[in-house]
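Have a look at the structure below before the remarks.
Note that this is a predicted model, so its numbers are computed, not measured. In what follows, every chain begins at residue 1, and chains take the letters A, B, ... in the order their sequences are listed.
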Protein chains: 2
Amino acid sequence: MTGPRKARRATVHDVAAAAGVSRGTVNRVLNGGYVSSDARAAIEAAIAQVGYVPNRAASQLARQRSQAVGFLALEPHSLLLEDPNIGSIMLGANAVLSLADHQMVSLVIDSDRDMQRVGRYLSGGFVDGAIIVSARSHDPITRLIAEIRLPATFVGHPPDLDRSIPFVGIDNIGSARAVTQRLIETGRRRIGMVAAALDRDSGADRLTGFKQALGDRFDPALVVDVPLYDYAYGVKGMRALLDREPTLDGVFAASDAVAAGALETLREAGRRVPEDVGLVGFDDSSWAMRTQPSLSTVHQPAREIGRHAAESVLRQIAGDPVEPSVLLDSPVVWRRSA
Amino acid sequence: MTGPRKARRATVHDVAAAAGVSRGTVNRVLNGGYVSSDARAAIEAAIAQVGYVPNRAASQLARQRSQAVGFLALEPHSLLLEDPNIGSIMLGANAVLSLADHQMVSLVIDSDRDMQRVGRYLSGGFVDGAIIVSARSHDPITRLIAEIRLPATFVGHPPDLDRSIPFVGIDNIGSARAVTQRLIETGRRRIGMVAAALDRDSGADRLTGFKQALGDRFDPALVVDVPLYDYAYGVKGMRALLDREPTLDGVFAASDAVAAGALETLREAGRRVPEDVGLVGFDDSSWAMRTQPSLSTVHQPAREIGRHAAESVLRQIAGDPVEPSVLLDSPVVWRRSA
DNA sequence: TTGTAAGCGTTATCAT
DNA sequence: ATGATAACGCTTACAA
């Protein structure tokens with residue numbers, strides 16, 4: 001219970017002394033190399049005895065790499081708290097980084113101050129690469145990364161992408177088209193959309209897909225848009241839509257959270273789903289299974305996305321060629337809401 | 001577009017050369033100290049000109065500290081994906097660390113391999129301290145932290161706490177008692193509990209509070225317990241409870257997720273909430289507002305918890321005294337389910 | 001197979 | 001106010 005607040009940590013030097021060999025030899029048993037079994041045994045004993053733990057900062061400085069990869073989510077806090085996919089993306093990415101013996105460090109950016117500090121962290125050589133979720137290319141971090149040529153890949157398609165940074169994502173347009181298409185096929189005639197986050201590529205693309213599916217029958221009056229992928233905005237958007245077009249019988253909500261809000265509004269308005277109105281969402285997030293009825297939606301292969309992003313970064317770090325973009329399959333899953 | 005894969009980065013040395021001064025002087029403008037304004041101007045110009053960015057690994061090595069604090073969530077992936085509070089805790093912690101110019105790095109532990117690697121990371125001097133969410137003291141990481149005397153504080157009360165590590169949390173027993181109490185006061189006579197995660201202190205404490213509130217009227221037959229705080233287990237637990245005691249009119253679910261599952265089961269069984277059965281949860285997570293009706297529950301001040309934890313770690317790093325434990329207020333919030 | 005020594009980029013001490 | 005210079009702990013040629 002007593003003792004120095006911070007004991008001096010044993011170094012390679014101490015191990016070498018304890019084992020009666022040179023530091024070079026110690027390093028060889030640590031990092032692989034030719035060592036006699038006598039020496040190896042002595043050194044391993046010494047390591048245990050003095051309680052040696054390597055100092056990564058020193059190693060990083062000498063090697064000029066950190067064996068760490070940053071994971072950044074660039075978004076108002078809401079992302080971290082609300083986004084159903086981000087956790088899975090992290091886990092997917094971590095799984096492959098872990099296998100490659102890289103430490104994933106996730107950095108939260110929640111203020112300008114954070115932005116600055118993280119910038120310094122990244123440029124400080126603390127990570128060999130980075131995975132960036134939902135960046136826009138005017139983000140300071142994005143510029144910084146391009147500038148310092150840090151191996152990085154985006155998750156999601158930044159709108160005006162810096163072509164030098166690869167990305168992995170899904171085909172929002174195609175999936176939105178597909179999900180709308182089925183709404184049409186199941187006989188809905190007046191189909192509206194609660195679009196969201198049109199300032200992001202994902203939001204804009206989902207609207208584009210919706211338009212494409214409807215073709216000539218597309219009616220701009222049947223689209224309302226809200227700023228965020230969010231339950232409360234789903235409520236708001238659906239109310240507006242219902243005001244404009246009380247006879248509507250199909251709705252594409254830009255995300256499951258939005259769909260959940262829309263569902264609540266429809267219920268309040270006395271519309272049954274799916275009997276009176278067919279409703280589809282996007283994301284296949286935890287919302288989708290929790291609503292009553294469960295939501296038909298587009299599945300995002302979040303885990304896979306994370307894996308691919310990590311692989312892409314690792315390849316860049318290794319200096320291997322990478323695909324500038326990969327789009328993963330995001331199939332429509334039909335449940336009960338449409 | 002062309003150029004070296006990785007440009008050599010400018011160092012203090014380069015800056016010094018470009019400004020025609022010594023490295024010492026450069027360092028002084030970087031880290032504060034007496035510098036003539038001439039020199040300062042020249043150096044600042046040189047910094048911009050050569051594009052100097054400090055190397056944190058070198059700095060860390062020299063200073064023997066990293067200005068970084070680790071954030072670890074020790075739990076099966078589910079935590080990261082499901083736990084509604086963890087994001088808020090992170091944000092709260094990050095806010096205070098950020099103000100103190102510390103980088104929060106969150107490390108995911110999702111496998112034994114991760115555990116090992118993170119262990120090395122922590123002992124490698126990459127962080128000056130750590131915040132640990134939901135550890136148990138037999139966790140290897142917990143032992144390690146105690147061993148290397150890394151400044152750390154727990155979030156949540158580890159069951160058999162290593163007294164040398166402070167913690168911040170809430171009073172699970174008291175809050176469970178309070179929430180059960182109100183169930184009693186509103187006239188419920190046959191009150192059951194879907195307990196969960198009894199192998200954790202939070203789970204066990206909530207059950208204890210429940211017992212305390214009921215006193216003599218506590219009936220062990222009205223408690224079922226499930227392994228995890230989870231919707232699916234809520235369904236399962238509630239079914240079991242209903243089988244045992246069809247006449248029950250009040251239920252305390254160990255978490256909002258569990259309560260949501262229980263709610264669904266009650267609905268399927270034709271019981272109206274709150275008319276036939278009063279239901280309360282715990283956490284005040286996003287579930288609470290999403291269910292129909294919304295859940296009465298116990299509010300966890302997650303943001304505050306994060307802040308306190310961060311402050312505690314910073315104080316330890318600074319060598320200041322810290323409270324061995326702080327319990328934050330977790331008020332009951334009444335909504336519509338009871 | 002093992003030892004030696006020169007870095008890696010900063011910081012800190014001590015003269016000047 | 002400024003300039004040398006020695007750490008910091010590890011890696012990596014190169015010698016032996």
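Protein chain B contacts DNA chain D from D/dA1 to D/dG9, reading 5' to 3' and using non-hydrogen atoms of the protein with a distance under 4.0 Å. You can see that DNA chain C meets the heavy atoms of chain B within a 4.0 Å-exclusive cut from C/dG9 to C/dT11, reading 5' to 3'.
Residues of residues 45-57 of chain A that place a heavy atom closer than 4.0 Å to DNA chain D, in numerical order, are A/Y52, A/P54, A/N55.
Counting heavy atoms from C-beta outward, A/I109 and A/Q116 have side chains that stay 4.5 Å or more apart. B/V69 has its side chain out of reach of B/Q103: every pair of non-hydrogen atoms, C-beta onward, lies at least 4.5 Å apart.
Within the model, atoms CZ of A/R120 and CG of A/L144 stand 11.5 Å from one another, a figure rounded to the nearest 0.5 Å. To the nearest 0.5 Å, atoms CE (A/M90) and CG (B/D110) are separated by 10.0 Å. Atom CG of B/L150 is separated from atom CD1 of B/I132 by 7.5 Å, given to the nearest 0.5 angstrom.
The two residues A/T25 and A/A39 have their closest heavy-atom pair at CG2-CB, 4.4 Å. Among all heavy-atom pairs drawn from B/S312 and B/T153, the shortest one is OG-CG2, 2.8 Å.
Two residues, A/N27 and B/D38, neighbour DNA chain D, and the one matched to the more 5' nucleotide by heavy-atom proximity is B/D38. Mapping B/V12 and B/R28 onto DNA chain C by nearest heavy atom places B/V12 closer to the 5' end of the strand.
Ring planes of A/F126 and B/F126: parallel class, angle under 30° (limits at 30 and 60°).
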What donor-acceptor contacts under 3.5 angstrom involve side-chain atoms of residues 42-53 of chain B, with partners at least two apart or in another chain?
none

If you look only at distance, which donor and acceptor atoms sit under 3.5 Å apart when one is on a side chain in residues 54-62 of chain B and the other is two or more places apart or in another chain?
from: B/N55; atom 1: OD1; to: B/A57; atom 2: N; distance (Å): 2.7
from: B/N55; atom 1: OD1; to: B/A58; atom 2: N; distance (Å): 3.0
from: B/R56; atom 1: NH2; to: B/S66; atom 2: O; distance (Å): 2.4

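Looking only at distances, a side-chain donor or acceptor of A/D14 sits under 3.5 Å from a matching main-chain atom of A/T11. A/N27 places no side-chain N or O within donor-acceptor distance of the main-chain N or O of A/R23, the cut-off being under 3.5 Å. When atom types are taken as modelled, the side chain of A/E311 and the backbone of A/V96 share no donor-acceptor pair closer than 3.5 angstrom.
In this structure, the helix from C/dT1-D/dA16 to C/dT16-D/dA1 shows an angle of 40° between the axis at its start and the axis at its end, each fitted on 5 base pairs and rounded to 10°.
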